[in-house]
Each structure stands twice: as C-alpha cells, then as structure tokens.
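Here the structure is laid out as structure tokens; the discussion comes afterwards.
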Amino acid sequence: MHVPAARRTPAIEAEHVRAVYDTIATHWSSTRYKPWPRVAEYLHARCKSGHLIADLGCGNGKYLGCAPQGVVVVGCDASAALLSLCSKTPAGRAAELCTADVVLLPYRDGQFDAAISIAVLHHLSTRQRRLAAAAEMVRVLRPGGTVLVYAWAQEQGEESSRSFSHQDMLVPWHFADSMRRKSADASTERHGGAKTSQQPQHGYRAEGKHSTVFQRYCHLFKEGEVEALFHRVGGCTVVQSYYDCSNWCAVVQKDVADKHNIIE
Amino acid sequence: MRLLTHNVLRCAIKGVEEGYPLSIEASEVQMEESPFRPDFVKHIAPTLNWPALRQAVKQVGLPEDMLPEAVSDALLGDEAFLRALHRVLMDVHVVAGALVCPESGRRFPIAHGIPDMMIAEGECPRDDK
C-alpha cells in the first residue's frame, strides 16, 4: 500500500489554511464560540463516564466542554494559535491538548471510545490527504467506537448566504484591523516575543473596509462524498449521515473485526 | 499533559516502527488533585500500556512502587490501587519539557502543558504500513 505524498502538507494548505488560521485565530474564534447543537447531542449520546474522546482538529476548543462529566477529551489541531485559545477556557484547561496533523495522528491504534472531527476534512486539498485523514480517524478508534465527521457542503441550504461554484475554492476572510492588534498581542504572549507564527503572504487590503482579506482553501463536499471516503478506507461502517449547518455529516463506526484500513 | 495522554502518544515520523513509549524529559511537573472516578479508571485500565505507564511514573519523579509491576482483575476491585492509578493518570501534569522517541531520538517539546507533535516536511512517512 502506497500513499503518494499524502502526509506532506501541500503549499496551498501551508499558505491558505495553516498560516491563515494562525493569523486570524483570535478573530475567527470570536465568531465561532457557539457549539452546533447536533455535535453536542452526539457527544452526550456517545460518551459514557470513563470514556476517552478525541477531538480531531479541535480549533478553538468549542466542543471540549460539551462532553459529559467523567470523560477525558484529547484535542489536537495543526494551529498552535488556535490551541492557545483553547487553553484560555476552563474546558480547554480540563482537556488534554497537542498540536498534531490529522493526516498523521500521534496516537496509538484503538485508544479512543469516540471521536469528533468538525469542519476539518474540507481544509485538506487532495483526495489522498482526505483519505489519509479518514483512515487515521478510524485507526485511533477502539473497535466499535464511532467518529462524527462534519465537512462543509458545496450544496448550501436556504439559511446560508453563500453559494459555491466549484468544489475547490478560496473563501475570503475579512480580517479586521481592530483584531490584528489583539492577535499580535496573543502571539507575543504565546511565543514569549521570541518566535512569531507563519504569516500568510497573499493577504490584500479591502478598500474602505479597514480590513485585510485572507483566502482560506476549502474543498466543498458533495452529497455522499463523506460516506464514499470512509467506504474507501474500509474497516468501518457509516451508521448515520445527514446535512446540518451547511455541512455533510456522518457517524462512522469502526468495525469490531479489526480489519486493516486500506489506502491505495 | 497528563500521564494518561502520554500513554496514548507515539512518534509517527518516517522510519520509526513503534515510536513508543516516548521518554519524558520533564522540566516542570504539577500535581493537581481531581475528583476520583473509579468507573473511569476501571474502564481505561485494560487498554493502558503498563510498562509505558511505569516508565512515565519514574521519569516524572514519582516513587517507582506507586504502581505494581502488572495489573490484574483482582486489583481492579481494590480501591487503594484504583486511587493510586487515578492519581497517576489524571493528577500529574507535565507542564514543560519534552517527549523523546525511543527509536529516532526525535524530541517533541512540551510548553504550557501542550506537546508539539507536528511533524516536519522531511519526516513524513511516504508509505502506509
């Protein structure tokens, strides 16, 4: 089995995902504080006291506090800037955190009772990388464990103001000048003033809006694409799929007969 | 980073077979008491890698005999044992230091309790096992 360069971060993700999130973390986080209700419901339904839960791509940690008492959540994200926002909240301090890449998780096989990966897969720019991430999500689950996956949909519902003409898009983020100062302070605090995170090179001024525009790379999923991805991975079963909050969503269960996860 | 998390973490860089268990080089360790949950400990105990946990206990400077050499069903009914295990898994926080891969020597720094497990470009394995 061969994964051609699936684990390497392509330049488009380095510039249009990681560098952007590291830069806009504080601003982005201030607009993403409210957990989506169905994700919180899943955590309550699936987590029992004593469970070890993985939040794969936990962002600013808005789901870390949604798991019931007596559960330990391990959150990871590729953005150190977002993780540092996690640790500012009580739920983030109670949780366990590490910086890690979802295409190559730093966990042993079969350790987690359940997992979530919310709005993460759509930032991976090739099918090989999305497959590698899906395989990793299944690998770290215990047999019988489930992962809830949300990926941004190309098909936008009536509630959305967006429409996507293509599956692979650069989606603009207006980074307000007023937030730039705050983010710079947070970055200095995080790195003790010694090291600054990677800045995106492509930002441009939005005329008359006191903001800089950064473009986030997104692969918009079509109906059935999340399921197809996990079907290709194998060793797991999609037990539920639905559309929610402009995302295609699936609950994927690792098969109890622990077959190898296959990627070609 | 709690020792529970340490028990799960591995090094995944190119050329490494197991990458486990990671050695702990702790420069700052904090103890913080948390509510004792026997159900949690009983649930997690069978999946723990016991030698890795014993090694971690030693490396953070706790007494080696805090945990027995092996875990048994009988011990899972022993409250004193469950309390000691809970303390090891949940109450020991490595705040600063590093995790070191036993095979490659790769160091993963820990700052503010957060291990940096990101892998650099040249370290990515190209083939899936």
Side-chain angles (χ1 to χ4, degrees), chain A residues 1-9 14 18 48-52 54 69-80 83-84 86-87 92-101 103-113 131-132 135-136 139-140 142 189-192 260-264, chain B residues 1-14 16 18-22 30 32 34-49 52 86 89-90 93-95 99 101 106 108-129:
Chain A
M1 281 172 288
H2 187 61
V3 186
R7 264 76 186 259
R8 296 217 183 160
T9 308
R18 293 198 185 160
K48 305 276 178 292
S49 182
H51 278 186
L52 191 61
Q69 285 242 313
V71 160
V72 173
V73 185
V74 183
C76 69
D77 204 279
S79 168
L83 280 184
S84 79
C86 290
S87 41
R93 280 189 295 274
E96 291 288 282
L97 301 171
C98 65
T99 51
D101 190 339
V103 302
L104 193 60
L105 290 171
Y107 307 137
R108 291 198 285 143
D109 299 357
Q111 294 294 299
F112 293 95
D113 297 282
L131 269 173
E136 282 291 86
R139 180 183 67 78
V140 301
R142 287 189 189 205
E189 189 185 311
R190 190 164 64 249
H191 299 295
H260 260 295
N261 304 322
I262 296 166
I263 302 179
E264 282 176 4
Chain B
M1 183 199 71
R2 292 180 168 97
L3 297 192
L4 170 60
T5 306
H6 169 262
N7 207 259
V8 172
L9 289 176
R10 58 151 195 166
C11 168
I13 69 170
K14 178 168 70 181
V16 165
E18 300 288 330
Y20 188 86
L22 302 170
Q30 280 176 8
E32 198 181 313
S34 63
F36 172 52
R37 298 184 189 282
D39 49 353
F40 184 87
V41 186
K42 280 184 201 167
H43 179 80
I44 207 88
T47 66
L48 292 169
N49 182 303
H86 181 269
L89 293 173
M90 298 296 290
H93 298 261
V94 181
V95 180
L99 298 171
C101 172
R106 168 70 148 91
F108 298 94
I110 305 171
H112 309 289
I114 303 178
D116 179 2
M117 305 304 291
M118 287 295 283
I119 281 174
E121 186 81 344
E123 297 175 326
C124 296
R126 288 183 67 90
D127 296 301
D128 206 13
K129 272 193 294 179

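Letters A, B, ... mirror the listed sequences (proteins, then strands); counts begin at 1. The structure displayed is predicted, hence computed values, not measured ones.
For the residue pair B/Met90 and A/Val72, the shortest heavy atom distance occurs at CE-CG2, 3.4 Å. Nearest heavy-atom pair across B/Met117 and A/Ala100 is CB-CB, 4.4 Å.
With a 4.5 Å cut-off on side-chain heavy atoms, B/Met118 and A/Arg18 count as touching. Contact of the B/His43 side chain with the A/Asp113 side chain is registered, since non-hydrogen atoms from C-beta on lie closer than 4.5 Å.
Of the possible donor and acceptor atoms, one in the side chain of B/Arg10 sits under 3.5 Å from a partner among the backbone N and O of A/Leu105.
When heavy atoms are compared at a cutoff of 4.5 Å, A/Ala94 approaches chain B solely by way of its backbone atoms N, CA, C and O. In this structure, chain B has a heavy atom under 4.5 Å from the backbone of A/Ala95, while its side chain stays farther away. Contacts of B/Arg37 with chain A are made by side-chain atoms alone, with heavy-atom separations under 4.5 Å and no backbone atom involved. With a 4.5 Å cut-off on non-hydrogen atoms, B/Leu4 touches chain A through its side chain but not through its backbone.
Options B/Val41, B/Ile110, B/Asn49 differ in how many heavy-atom pairs under 4.5 Å they form with chain A, and the most are formed by B/Asn49. For the set B/Ala120, B/Cys124, B/Pro115, the count of heavy-atom pairs under 4.5 angstrom toward chain A peaks at B/Pro115. For chain A, the option among B/Ile119, B/Asp39, B/Thr47, B/Ile44 with the highest count of heavy-atom pairs below 4.5 Å is B/Thr47.
Between the CZ atom in B/Phe108 and the OG1 atom in A/Thr99 there is a gap of 9.5 Å [rounded to 0.5 Å].
Paired with A/Glu96 under the rule side chain to side chain contact (heavy atoms under 4.5 Å, CB included), one option of B/Ile114, B/Val8, B/Thr5 passes, and it is B/Thr5.
Partners of A/Arg108 according to the salt bridge (charged side-chain N to carboxylate O under 4.0 Å, His left out) rule, which considers only residues two or more places apart in sequence or in another chain, do not exist here.
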